[in-house]
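Inspection log for the structure reproduced underneath, given as structure tokens.
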Amino acid sequence: MSLTYLEAIREAQARALRDDPRVFIYGQDVGAFGGAFKATKNLAVEFPGRVLDSPISEDAMVGMAVGAAIEGMRPIVEMQFADFSLVGFNQIVNQAATMYWRTNVPCPITVRLPFGGTSGSGPFHSQCIEAIYAHYPGLIVLTPATVEDAYSMLLEAVALDDPVVFCEHKFLYRHLKAEKLPDEALPIGKARIAREGRDLTIVTYSAMVHEAIEAANELSSEGWEIEIVDLRSVKPLDTDTIVASVARTGKLLCVGEAWPWGGVTAEIISRVTVEGFELLDAPPQRLNAKDTPVPYHHNLWAAHRPTARSIASAARNLLSQ
Amino acid sequence: MSLTYLEAIREAQARALRDDPRVFIYGQDVGAFGGAFKATKNLAVEFPGRVLDSPISEDAMVGMAVGAAIEGMRPIVEMQFADFSLVGFNQIVNQAATMYWRTNVPCPITVRLPFGGTSGSGPFHSQCIEAIYAHYPGLIVLTPATVEDAYSMLLEAVALDDPVVFCEHKFLYRHLKAEKLPDEALPIGKARIAREGRDLTIVTYSAMVHEAIEAANELSSEGWEIEIVDLRSVKPLDTDTIVASVARTGKLLCVGEAWPWGGVTAEIISRVTVEGFELLDAPPQRLNAKDTPVPYHHNLWAAHRPTARSIASAARNLLSQ
Amino acid sequence: MLQTALDTKPSQDTKSACDIHLSAFRYMLLARVLDEKFAALYRAGGKIHGGVFLGRGQEGLSAAIGVSLQKGDVFAPLIRDAAGRLAFGETVLDSVRTYLGSAHGPMRGRDGNVHRGNVHEGLLPMISHLGAMISVVNGILLARRFQKKFGTVGAACIGDGATSTGAFHESLNQAAVEKLPLVLVIADNQYAYSTPTSRQFACDNLADKATGYGVDVQTVDGTDFSACLKVAGEAVSRARRGDGPQMIVAKLLRLCGHGEHDVADYVDPELKKSPLGRDCLKLAQDFLIQKKWLDETQLAAMKGEIIHEIEAAVAQAQREPAPDPFSEVWRALASEHLSEGNAED
Amino acid sequence: MLQTALDTKPSQDTKSACDIHLSAFRYMLLARVLDEKFAALYRAGGKIHGGVFLGRGQEGLSAAIGVSLQKGDVFAPLIRDAAGRLAFGETVLDSVRTYLGSAHGPMRGRDGNVHRGNVHEGLLPMISHLGAMISVVNGILLARRFQKKFGTVGAACIGDGATSTGAFHESLNQAAVEKLPLVLVIADNQYAYSTPTSRQFACDNLADKATGYGVDVQTVDGTDFSACLKVAGEAVSRARRGDGPQMIVAKLLRLCGHGEHDVADYVDPELKKSPLGRDCLKLAQDFLIQKKWLDETQLAAMKGEIIHEIEAAVAQAQREPAPDPFSEVWRALASEHLSEGNAED
Ligand SMILES: Cc1ncc(C[n+]2csc(CCOP(=O)(O)OP(=O)(O)O)c2C)c(N)n1
Ligand SMILES: Cc1ncc(C[n+]2csc(CCOP(=O)(O)OP(=O)(O)O)c2C)c(N)n1
Ligand SMILES: [Mg+2]
Ligand SMILES: [Mg+2]
């Protein structure tokens with residue numbers, strides 16, 4: 001049996017519902033319909049009364065999850081698209097994220113954000129907004145890049161005592177397959193060496209991990225061995241693993257699908273230069289999406305985000321220094 | 001006659017209303033009352049019908065401003081506190097910020113955010129949220145640190161064809177005074193050398209400029225000459241001025257009042273290391289607020305944000321390398 | 001575009017009932033055939049990236065709004081308003097260009113499908129976030145008050161599901177407080193995607209909300225295009241007259257999936273059989289023929305014209321260039337001198 | 001705390017009308033004197049950082065809600081609910097501790113003034129964003145449904161101005177759809193900060209909103225504590241019975257500034273002179289004396305007790321340590337192993 005990234009998310013939720021009576025799911029069309037992407041397919045039937053359709057009210061959806069969480073439940077909120085979570089932004093960053101610090105009462109909610117670009121989705125169904133959540137204190141922000149991580153990290157997210165923003169990449173939903181679900185996994189907070197190398201470190205996450213691997217394969221045919229660090233979690237960031245890799249390679253390229261101002265790539269470069277300056281034998285480089293909304297047309301979309309080709313050429317520039 | 005930072009903002013709005021019939025002001029209590037901070041004092045009387053009290057509806061406040069702007073007006077929206085703009089976040093980043101790119105029609109709105117920490121204001125009346133706006137394409141994000149800039153940058157903001165997020169620091173409102181209003185000013189997009197020095201560059205903005213100056217004075221008594229770059233605008237960032245300063249000093253300390261993950265300090269360090277790596281003769285350093293909500297009690301608040309003392313000690317560490 | 005629109009649509013009062021009904025009907029038919037073309041292109045694959053969203057069953061209501069508006073008015077349509085857009089003056093070519101991502105389309109390939117419009121002509125290109133366009137219409141109407149431009153109105157369309165958004169609430173209240181000439185059209189088509197109204201709100205009729213905002217309201221059978229014309233015409237004139245915001249609640253059923261990817265097997269068969277499930281286009285046709293305002297030959301001719309117009313538009317849009325990422329201006333700001341540019345360029 | 005509360009407040013039905021009225025009155029008086037103490041400390045300067053927000057003129061309504069609730073219920077008070085908080089079981093000491101930022105206070109100096117509460121006891125500490133607490137109450141009530149804990153209710157307080165927030169709309173609709181035992185109390189005190197209701201909404205009475213959500217509503221004279229007790233008691237029992245969300249709209253006037261920094265010269269003198277402008281505390285006192293449920297000596301004794309209790313609390317809170325930034329745990333996450341810590345430490 002083979003299983004997609006999307007099915008892994010569905011399985012993780014099924015298992016969470018099975019193993020923990022405190023878990024329920026709340027979101028638009030998640031019930032009988034099984035969600036816009038079918039991430040909750042059949043769950044309403046398998047777990048009657050525990051998968052609830054919500055009105056189109058992102059602010060109240062999150063607020064309700066917060067209330068249920070501080071009363072002992074483990075809500076999973078599905079946003080239909082990450083982009084719409086911005087309407088519920090305030091409840092996430094000011095209600096959920098401040099609860100434990102203000103009251104000493106944990107707020108274990110998981111907000112699932114189907115995020116990231118796909119061709120033809122346009123400015124409002126493609127956004128990568130992990131950075132604006134990671135900037136706020138009190139949130140854990142996850143960006144699984146593999147089927148296995150989608151499964152194990154979602155399960156761990158639901159088990160954590162803190163609010164988790166779970167960024168699941170729509171581009172990976174059906175593209176990515178695995179043979180089976182993992183029995184064990186790296187804990188949240190640890191990055192993964194997705195590919196070993198000696199010449200240059202590419203630090204990236206989510207869908208860009210796969211573009212980076214493709215770029216690395218291309219470059220290995222040119223004799224370069226690229227190491228790829230898959231962050232898995234953008235907050236917290238596993239700085240140790242990143243710095244250790246840069247110590248091996250001496251060169252750092254950060255790649256993200258988000259917009260260029262700030263964000264994960266800036267935070268990584270900043271941390272590495274502050275903590276591992278002397279390890280770098282060339283200026284670190286960044287590759288982000290362009291500083292415009294995400295375009296609708298395929299040609300523009302494909303040029304807006306980093307790709308294996310643009311990653312490979314950025315890496316070549318860096319390697320040639 | 002001497003004039004505060006707050007009065008400068010009031011004067012800039014008065015002049016904008018006087019000089020440009022397209023300008024109007026919309027916000028909670030901005031009319032007869034003159035605003036929660038009195039930034040619109042008497043304007044409703046001086047400019048009848050052009051300073052409108054809004055309902056407590058941040059989303060609709062911004063949406064209305066956008067509509068008026070694309071119909072030829074120049075709205076200024078006052079948020080009562082920056083923190084409440086998060087309820088209108090979606091209209092700012094998805095409606096205003098995407099309008100020109102999507103339609104080729106400019107969207108000249110100015111959203112005034114009274115922001116930043118003051119003692120006793122607590123988690124929801126103290127936030128520094130410039131970074132989450134700067135991350136989104138299509139916005140200009142300003143952070144004036146002086147009375148003169150508060151005045152001239154607000155006037156220029158209203159004249160610009162793009163949506164501007166104008167971050168005015170509440171801590172500076174009454175603390176800061178100037179003898180007169182400026183006749184000329186640096187254009188938006190240019191950073192200012194707030195203090196010249198040779199040993200180390202501190203890049204900062206808004207209220208932290210004054211903490212940095214205090215630290216620099218302390219350090220000069222120890223024989224160190226610190227150069228201070230006041231960003232004025234966090235998007236766009238004047239990378240040239242920053243890099244030029246680092247070229248002179250070889251050492252970089254970035255200071256911000258915002259939270260540590262991402263944000264302005266990460267973006268600055270990242271740009272300088274990417275573009276001016278070889279100019280640095282020590283690892284750049286960052287100083288931010290702590291990664292928790294902004295505390296209410298004075299003792300906690302004073303320890304949560306960078307201060308002249310913590311800046312001076314961070315600078316000493318860097319200078320001793 | 002509105003010029004064209006105007007040729008085919010002189011302002012209402014000067015028109016006979018027959019003309020108005022025929023004009024509305026033609027836009028209904030045009031929208032239906034156009035929608036079917038998009039559905040076909042979508043099924044064929046390749047041509048259209050992303051989703052296709054139809055207005056099947058809502059053409060009567062949508063066209064009624066469109067024909068009730070005049071040049072200079074503002075219109076913020078939503079996903080099911082192909083008919084209203086066309087009636088308001090959008091060309092078939094621009095709709096097709098947007099779906100196909102032509103560089104010559106109003107959105108230049110930057111945005112697509114239902115996210116299209118032309119600000120200069122008062123046709124607002126929706127952002128996806130439901131409810132967000134209403135306050136933008138308010139702002140345009142407020143601007144006109146400042147500019148002493150009187151006598152125009154703004155219409156915004158919304159679904160039953162979108163009434164649950166905070167944006168809907170804030171903007172309707174805002175329009176009421178400012179007494180703006182807003183016509184808010186709620187198409188209660190029984191579902192928000194798969195979600196039935198029973199999971200969306202608990203009032204008997206969405207029209208019950210009007211009193212709480214202090215606005216006028218009319219409920220109408222959305223399957224009856226003639227009734228929609230009457231209600232829309234009246235609401236628009238009241239708003240134009242200065243009576244403040246007008247709400248219209250139309251009862252109907254979405255006769256298609258949420259998008260073309262959706263088979264919509266969740267729709268209650270009882271509803272399909274109920275009066276709500278009737279096809280407004282079929283009813284309109286019978287009405288016109290029975291009134292003798294239209295006969296089979298004229299109808300056939302009309303269909304012929306429409307098919308021709310659409311095929312021509314598709315053919316042209318397909319010949320037009322796609323946006324070119326290399327010549328594309330990657331800049332979100334109008335102020336070029338403040339644009340940070342893109343490292344990757 | 002609720003234990004203390006309970007001692008002074010056995011559940012309603014077991015109490016005589018006299019007891020209920022006296023109990024409510026005592027909380028009104030306690031809140032008034034406590035508020036005045038905070039105002040005095042604020043004016044004295046130094047002791048209180050940030051703002052002070054009073055409930056003057058709203059004690060009757062607020063106390064009525066508080067005494068109508070029982071242990072195990074949920075209460076989300078707002079800025080003018082000192083009386084309701086105390087009636088629900090908050091101690092004077094915890095109110096004082098929060099304003100003075102005592103490390104022993106429920107918010108440990110991390111949050112202050114009206115942003116206080118105790119989740120374990122069902123007293124929610126408001127965030128500042130208006131309207132945001134209602135859906136949190138919904139969530140607690142939903143959790144109890146999952147947990148098969150029945151018979152408890154949740155009350156949330158809100159002002160006239162906050163009815164304009166999207167959060168108010170989304171959460172009230174949500175409660176109605178889920179048929180939750182929510183009691184939503186709207187204190188229509190004629191102003192939102194300086195903004196009169198004429199700039200806030202266009203309906204005649206905020207109670208007109210209820211039908212549009214499909215919830216029950218009662219309008220009450222907020223200056224009449226006895227009427228408030230009746231209406232609040234009934235609304236709470238209906239919610240407890242399972243009749244779904246209940247809305248209460250109380251008409252009154254804020255008899256203080258928005259905060260103590262605000263002289264509120266914008267308040268219409270006509271309103272002050274009108275019945276809305278009457279002081280609920282004065283009316284309650286007259287009512288009780290006229291009913292012979294209270295006499296001057298008892299009243300004097302009650303005042304004496306209250307002043308003593310408050311002075312003792314202030315004295316103690318002032319002796320308590322302020323939070324210490326060096327021993328403070330600078331961590332926003334419950335999961336210590338995932339906390340990034342702070343470079344500056
Ligand atoms: C704020 C927001 N949340 C969620 C969505 C996703 N979404 C798009 S259409 C839709 C259903 C809309 O239903 P309704 O308002 O009844 O309009 P209809 O599709 O029936 O015409 C949803 C949930 C959105 N666009 N915006
Ligand atoms: C979303 C949001 N916007 C603005 C504010 C600032 N603010 C605090 S209280 C207040 C007035 C509230 O008026 P009302 O709801 O009538 O309550 P009242 O003060 O009259 O009791 C405002 C505007 C806020 N707290 N939250
Ligand atoms: Mg619908
Ligand atoms: Mg009020």
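Here is the naming used below: chain letters follow the sequence lines, and residue numbers restart at 1 for every chain. Quantities reported herein were computed from a predicted structural model and do not represent experimental measurements.
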Are more than 12 heavy atoms from other residues, nucleotides or ligands located less than 6.0 Å from atom CD of C/E336?
no
Does A/K41 NZ have over 12 foreign heavy atoms under 6.0 Å away?
no
Find out whether A/F84 and C/S128 are in side-chain contact, i.e. whether some heavy atom of one side chain is under 4.5 Å from a heavy atom of the other.
yes
Side-chain touch C/E340/A/W261, heavy atoms, less than 4.5 angstrom
yes
With a 4.5 angstrom heavy-atom cut-off, is it the side chain or the backbone of [X] that approaches chain A, or both, or neither?
| X | result |
| --- | --- |
| C/L130 | side chain |
| C/T197 | neither |
| C/L100 | backbone |
| C/Y266 | side chain |
| C/D324 | backbone |
| C/A192 | both |

Shortest non-hydrogen contact between [X] and [Y], atoms and distance:
| X | Y | value |
| --- | --- | --- |
| C/H129 | A/V87 | CD2-CG2, 3.9 Å |
| A/S57 | C/S164 | OG-O, 2.7 Å |
| A/N299 | C/P323 | ND2-O, 3.5 Å |

Please answer whether the main-chain N or O of [Y] pairs with a side-chain N or O of [X] as donor and acceptor at a distance below 3.5 Å.
| X | Y | result |
| --- | --- | --- |
| A/T292 | C/W330 | no |
| C/Q200 | A/I56 | yes |
| A/Y296 | C/H49 | yes |
| A/D29 | C/S194 | yes |
| C/R199 | A/D53 | yes |

[X] versus chain C, the contacting section by heavy-atom distance below 4.5 Å:
| X | value |
| --- | --- |
| A/S310 | neither |
| A/Q80 | side chain |
| A/A36 | both |

A/E58 CD to C/T165 OG1 distance, which is reported to the nearest 0.5 Å:
8.5 Å
As an exercise: rank A/A314, A/S119, A/S313 by heavy-atom pairs under 4.5 Å with chain C and give me the winner.
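With the most close heavy-atom pairs to chain C, the winner is A/S119.
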Would you please go through residues 122-132 of chain A and name the residues with a non-hydrogen atom below 4.5 Å from one of chain C, in numerical order?
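At a heavy-atom separation under 4.5 Å, chain C is reached by A/P123, A/F124, A/H125.
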Max heavy-atom pairs within cutoff under 4.5 Å with chain A, candidates C/G101, C/A103, C/G50, C/G112, goes to C/G112
